[in-house]
Structure formats: structure tokens, C-alpha cells
Colleague: 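The structure is given below, and queries will be raised subsequently.
Lettering follows sequence order; numbering is per chain, from 1. Basis for what follows: all heavy atoms, side chains included, without hydrogens, waters or symmetry-related copies.
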Amino acid sequence: MPELPEVEVTRRSVEPLVVGQIIRDVRLGKPLRWPLSCEPSSLVGSSIKAVRRRAKYLLLELDEGLLLIHLGMSGSLQFHRERAAPGPHDHFDLVLCSGLLRLHDPRRFGAVVWIRSPEDPLADKLLGAWGVEPLSDEFTVQALWRGLRATRAPVKQLLLAGRVVVGVGNIYACEALFRAGIRPTSRSDRIGMARVIRLHAAIRAVLLQALAAGGSSLRDFASVDGTLGHFQTQTMVYGRAGAPCRVCGTAIKVMQQAQRSTYFCAICQR
DNA sequence: CGGCCGACCTGCGGGC
DNA sequence: TGCCCGCAGGTCGGCC
């Protein structure tokens with residue numbers, strides 16, 4: 001589920017429930033992508049000072065250090081007011097006074113990692129080399145232009161790589177390129193300024209539209225209070241192979257790029 | 001260093 | 001109806 005809109009929707013719904021709360025207990029389920037990197041019991045007694053987001057990571061700021069949460073492909077956070085027995089796919093619980101914050105993640109590509117400080121080598125490995133936040137002032141046409149000029153890779157793969165701009169995954173890369181009228185296979189360094197300007201606007205617009213829709217709930221993504229997102233019903237190309245383009249009526253095509261499915265309209269994107 | 005590819009893991013939908 | 005295959009929102013590490 002988790003691209004920037006889904007992670008941000010999660011952040012906004014979690015924040016008011018956990019900020020100021022003290023960690024009473026920690027429960028681990030099956031192993032996730034990376035180990036927690038500390039004794040679970042060492043987190044007990046810490047309070048949660050803030051909930052931030054960087055790229056697709058949620059960052060719970062503690063008294064000491066940072067709890068970094070990644071939702072992987074299938075993760076979502078839940079909040080239970082009452083004690084609730086964990087299911088087979090519930091792999092991390094933070095017990096607070098106000099209730100229980102729980103990571104539900106069937107595929108276990110997600111992770112919860114404790115980071116001691118910004119100088120921790122783990123911080124660099126996990127948060128170090130990312131590009132700018134697309135909804136911040138740092139994401140300018142110039143920044144996108146420079147990033148595109150620096151590589152011959154297909155533009156869709158550059159967007160997915162996150163080195164220039166973060167938070168854009170497979171759904172929103174396909175959608176942004178459609179809205180900008182750009183072929184996903186176009187060589188990044190051959191895209192002209194007029195198109196870069198359109199792509200810059202399209203990335204922001206599609207992410208904002210998805211945020212307003214509560215994200216995409218392809219399987220079971222939900223915000224912490226259980227609300228489902230509905231952006232998946234608004235996509236122009238993603239998941240619509242064979243269906244008519246909402247602009248020109250031509251059948252939407254799907255192809256493989258770097259082992260990911262790319263959806264596009266061969267007429268609207270040239 | 002850039003870019004491709006496999007790996008990680010489980011569930012589900014479509015086709016036979 | 002039931003089984004098997006392919007595919008799914010991410011990203012790291014190894015290899016050329």
C-alpha cells in the first residue's frame with residue numbers, strides 16, 4: 001500500500017493518538033525486514049514526542065532516539081483502545097496508556113527500527129541518500145530538471161528510485177507521467193523543459209489528490225481509525241490495462257519496466 | 001558509479 | 001470445484 005499519500009494519511013491519523021504517550025510495553029511478532037536493533041524492553045518508559053514522515057518512513061521521535069517504521073508493501077498501522085490479541089500478521093505492538101499501536105504486515109517487507117541518533121550508521125543507511133520531499137518548497141522545477149539531466153535511465157525508473165524526489169511509487173509514477181503526457185520509457189536526460197514543468201506540477205497534483213482521497217486502498221490499506229482510501233477509483237492509468245483511456249478512449253496498455261508493471265496511454269503519452 | 005536483477009514473504013485472483 | 005501460476009503498493013545488496 002504505502003507510497004507517500006498512504007504513509008502521510010497514516011501519520012496524520014496516528015499523531016493525535018500517540019503524541020505525549022508513554023511506552024508501557026513492546027511486543028514483537030515474526031521477524032520483519034530489519035531487526036529492531038535494541039532490546040524491546042529498553043523502549044519501555046520512553047515517551048513519544050512527535051510523529052514525522054520522511055519519504056515513505058514514519059518517524060516516532062522518542063525521548064531518546066527515533067523509532068523508524070516502514071510499511072513495506074502490505075503494512076498498515078492500527079490503533080486499538082482496548083487490549084486486542086494479535087493475529088498471525090501482527091508483528092509489532094507498542095502498548096501505550098491510551099491504547100495499542102500495532103503494525104499489521106502480512107508480507108513482512110515492513111520494518112520497525114530504533115535509531116539512537118542522527119549519527120547512527122543505521123540512520124545514514126536508511127534515511128541518508130534520499131531526494132527531496134515532493135510537497136516541500138525544496139521540490140522545485142530546477143531540482144527536478146537537474147535530477148533528470150543527470151541520468152540516461154527511463155524517466156519512470158528515475159522517479160521510482162527516489163534519488164531526486166521521494167514518495168513516488170508505482171501507482172503515482174504511472175499517474176504523474178500520464179498527467180504530464182510523458183512516455184514512461186523516455187530517457188530522463190532528453191526530456192525538455194516544457195515537459196519537466198508539466199511533470200513537476202503533475203507529481204504534486206497527483207499526490208495532493210491522493211492525499212485528499214485518503215490514499216489508495218488496493219487490498220486493505222486503511223488509516224489508523226480504519227477509514228479506507230479511495231484514490232484507486234480515480235486512477236487514470238494504474239490498474240486499468242485494457243480499459244478505455246479517460247481522455248481519448250484508447251485502451252490503456254501495460255508493460256514491464258525493471259520488473260514493475262507500467263500502465264500508460266500510447267496516445268496521450270508520447 | 002549507474003543500472004539491472006534477484007531476493008525477501010504471503011495472499012489472492014484468474015485461467016485451466 | 002480446485003490447483004497452480006503470476007502478480008502485488010518497496011528497496012536493498014550483489015553483480016556487471
Colleague: Separation of A/Asp105 atom CG from C/dT11 atom C1', in whole Å?
Modeller: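 These atoms are roughly 14 Å apart.
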Colleague: With nearest nucleotides of DNA chain C determined for A/Arg33 and A/Val254 from heavy-atom distances, which residue corresponds to the more 5′ nucleotide?
Modeller: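 So the residue in question is A/Val254.
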Colleague: Hey, is A/Phe109 stacking on B/dC8? Ring centres under 5.5 Å, planes under 30°.
Modeller: yes
Colleague: To the nearest Å, how far apart are A/Leu160 CG and C/dC12 P?
Modeller: 13 Å
Colleague: Please check this pair: side chain of A/Asp93 against backbone of A/Pro86, looking for a donor-acceptor N/O pair closer than 3.5 Å.
Modeller: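 No: the side chain of A/Asp93 does not pair with the backbone of A/Pro86.
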Colleague: For A/Gln259 and for A/Ala153, find the nucleotide of DNA chain B with the closest heavy atom, then tell me which residue's nucleotide is more 5'.
Modeller: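 Going by which nucleotide is closer to the 5' end, it is A/Ala153.
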Colleague: Measure from CZ on A/Arg260 to C1' on B/dA7 and round the result to the nearest Å.
Modeller: 14 Å
Colleague: With A/Leu58 as reference, evaluate A/Leu103, A/Val112, A/Leu68, A/Leu77 under the side-chain contact (heavy atoms from CB on, under 4.5 Å) test and give the passing residue.
Modeller: A/Leu77
Colleague: Rounding to a whole Å, what distance do you find between A/Met73:CE and C/dC12:P?
Modeller: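 A/Met73 atom CE is separated from C/dC12 atom P by 14 Å.
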Colleague: Please state whether the phosphate of C/dC12, meaning OP1 or OP2, lies under 4.0 angstrom from any side-chain nitrogen or oxygen of A/Lys125.
Modeller: no
Colleague: According to a strict under-4.0 Å criterion, is A/Thr151 in side-chain N/O contact with OP1 or OP2 of B/dG3?
Modeller: yes
Colleague: Roughly how many Å apart are B/dG6 and C/dG6, using the P atom of each and rounding to a whole number?
Modeller: 14 Å
Colleague: How far does CD of A/Glu64 sit from CG of A/Leu43, to the nearest 0.5 angstrom?
Modeller: 10.0 Å
Colleague: In whole Å, I'd like the distance from the NZ atom of A/Lys156 to the C1' atom of B/dG3.
Modeller: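 About 15 Å, once rounded to whole Å.
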Colleague: Side chain of A/His70: nearest nucleotide among C/dT11, B/dG3, C/dA8?
Modeller: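 Between C/dT11, B/dG3, C/dA8, the one nearest the side chain of A/His70 would be C/dT11.
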Colleague: Can you check the A/Arg152 CZ to B/dC1 C1' distance for me, whole Å?
Modeller: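 In whole Å, B/dC1 C1' and A/Arg152 CZ are 14 Å from each other.
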Colleague: Name the closest nucleotide to the A/Gln157 side chain, picking from B/dG3, B/dC4, B/dG6.
Modeller: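 My answer, after comparing the listed nucleotides, is B/dC4.
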Colleague: Would A/Tyr238 and A/Phe264 count as a ring-ring contact (aromatic ring centres under 6.0 Å, His included) if you check the C-alpha gap in whole Å, the side-chain angles of each, and the deciding distance to 0.1 Å?
Modeller: CA-CA 8 Å; A/Tyr238 185 86; A/Phe264 68 106; over 10 Å; no
Colleague: For B/dC9, give its Watson-Crick or G-U wobble partner with both distances under 3.5 Å, or none.
Modeller: none
Colleague: Out of C/dG10, C/dC12, B/dG3, which nucleotide sits closest to the side chain of A/Arg163?
Modeller: B/dG3
Colleague: Rounded to the Å, how far apart are A/Ile171 CD1 and C/dA8 P?
Modeller: 11 Å
Colleague: I'd like to know if the side chain of A/Arg204 and the backbone of A/Phe139 have a donor-acceptor N/O pair within less than 3.5 Å.
Modeller: yes
Colleague: Answer with base, sugar-phosphate or nothing: what part of the nucleic acid does A/Tyr238 contact at a heavy-atom distance below 4.0 Å?
Modeller: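 The residue A/Tyr238 makes sugar-phosphate contact but no base contact.
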Colleague: With a 3.5 Å distance limit and no angle check, can you tell me whether A/Arg240 reaches the backbone of A/Pro244 through a side-chain donor-acceptor pair?
Modeller: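 Answer holds: yes.
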Colleague: Distance check: side-chain N/O of A/Lys30 vs OP1/OP2 of B/dC9, anything under 4.0 Å?
Modeller: no
Colleague: Do A/Gln78 side-chain atoms and A/His104 backbone N/O form a donor-acceptor pair below 3.5 Å?
Modeller: no
Colleague: Would a hydrophobic clustering, with Ile, Leu, Val, Met, Phe, Trp and Tyr connected at side-chain separations under 4.5 Å, put A/Val18 with A/Val224?
Modeller: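 Yes, A/Val18 and A/Val224 fall within the same hydrophobic cluster.
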Colleague: Is any side-chain N or O of A/Arg108 under 3.5 Å from a base N or O of B/dT10, one able to act as donor and the other as acceptor?
Modeller: no
Colleague: Identify whether any heavy atom of A/Ala258 sits under 4.0 Å from a base atom; if not, whether one sits that close to sugar-phosphate; answer base, sugar-phosphate or nothing.
Modeller: nothing
Colleague: List, with names and distances, any nitrogen or oxygen atoms from the protein found under 3.5 Å away from nitrogen or oxygen atoms belonging to nucleotides 11-16 of chain B.
Modeller:
{"from": "B/dG11", "atom 1": "OP1", "to": "A/His89", "atom 2": "NE2", "distance (Å)": "2.7"}

Colleague: Measure the distance from CE on A/Met255 to C1' on C/dC7 and round it to the nearest whole Å.
Modeller: 17 Å
